[in-house]
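Atom set for the values below is all heavy atoms of this structure, side chains included, hydrogens, waters and symmetry mates excluded.
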Amino acid sequence: MTMRSKIFPCLSAITFCFPLSAHANAIVPYMVVPWGQVFLLPLVILIEGAILYKLAGNRVMVAMFQSFLANIVSTVIGAALYFAIMPLVGRHLFEWWFKGGFASEAIRNAGIALCFAVALWTISWVSETLVIARLRKTTFKGIAPTIAWANVVTYVLLLALSLALTF
């Protein structure tokens, strides 16, 4: 039995148990973030941990553990804010998006995606910097540039992945 013949039934069962609907628009990557986090979070932790190790020093496993804790905190904060804010603004945001307040749909899609990305990056950067600064017993200002670079790298990679999955 090949690996493919073993994996296909498992993926089929997962797809059957957890059906998702997809819409052909640019906001899809942000709509599936909770599921995406399950699969992408370990990759983000590894990348940011490697950057933290390379730019800020310390032992590899310590940097990975700090990256793990910081990303868990960042994910929890981001999810809590999402679930607190989206019921308040979600309907208005999507009405504006579908009805079209200005420009073309492509420009509106890009605007919404950019706003989400900037907000999520800022939340991630601030929360992760606070956690790692506390763990390393340093100042926010001392570790903030390193965390900013780590987040820029992972967000660019995630943006590239989102664009690749959208087209």
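Under the 4.5 Å side-chain heavy-atom criterion for grouping Ile, Leu, Val, Met, Phe, Trp and Tyr, Ile47 is not connected to Met61 through any hydrophobic cluster. Cluster membership check: Ile85 shares its hydrophobic cluster with Ile123, using side-chain heavy-atom separations under 4.5 Å among Ile, Leu, Val, Met, Phe, Trp and Tyr. Grouping the Ile, Leu, Val, Met, Phe, Trp and Tyr side chains by contacts below 4.5 angstrom, directly or via other members, places Ile45 with Val73. Under the 4.5 Å side-chain contact rule for hydrophobic residues, Leu135 and Val62 do not share a cluster. Neither Leu157 nor Met64 shares a network with the other; the hydrophobic side chains, linked directly or stepwise wherever heavy atoms of I, L, V, M, F, W or Y lie under 4.5 Å apart, form separate groups for each.
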request  = Given side chain to side chain contact (heavy atoms under 4.5 Å, CB included), test Arg134 with Leu69 step by step and report yes or no.
outcome  = CA-CA 11 Å; Arg134 185 171 177 103; Leu69 282 180; over 6 Å; no

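Residues Gln66 and Asn58 approach most closely at NE2-ND2, 4.1 Å, considering heavy atoms. Annotation for Phe140 and Leu130: closest pair CD1-CD2, 3.7 Å, computed over non-hydrogen atoms. The minimum heavy-atom distance between Ser67 and Leu52, with the atom names listed, is N-CD2, 4.4 Å.
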Distance-only donor-acceptor hits, side chain of residues 110-121, under 3.5 Å, sequence neighbours excluded:
none

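With sequence neighbours left out, Ser124 forms a side-chain contact (heavy atoms from CB on, under 4.5 Å) with Ser74, Glu128, Asn151, Tyr155. Residues passing the ring pair (Phe, Tyr, Trp, His ring centres under 6.0 Å) test with Phe65: none are found, sequence neighbours excluded. Checked against side-chain contact (heavy atoms from CB on, under 4.5 Å), Leu55 has the following partners two or more places apart in sequence or in another chain: Ile51, Thr146, Trp149. With sequence neighbours excluded, the residues that form a side-chain hydrogen bond (donor to acceptor under 3.5 Å, both in side chains) with Thr154 are Glu48. For Tyr53, the side-chain contact (heavy atoms from CB on, under 4.5 Å) test picks out Val60, Ala63, with sequence neighbours left out.
Although no hydrogens or angles enter the test, the distance criterion places a donor-acceptor pair under 3.5 Å between the side chain of Arg136 and the main chain of Ala56.
Taken from CG in Leu81 to CD1 in Ile77, the straight-line distance is 7.5 Å, to the nearest 0.5 Å.
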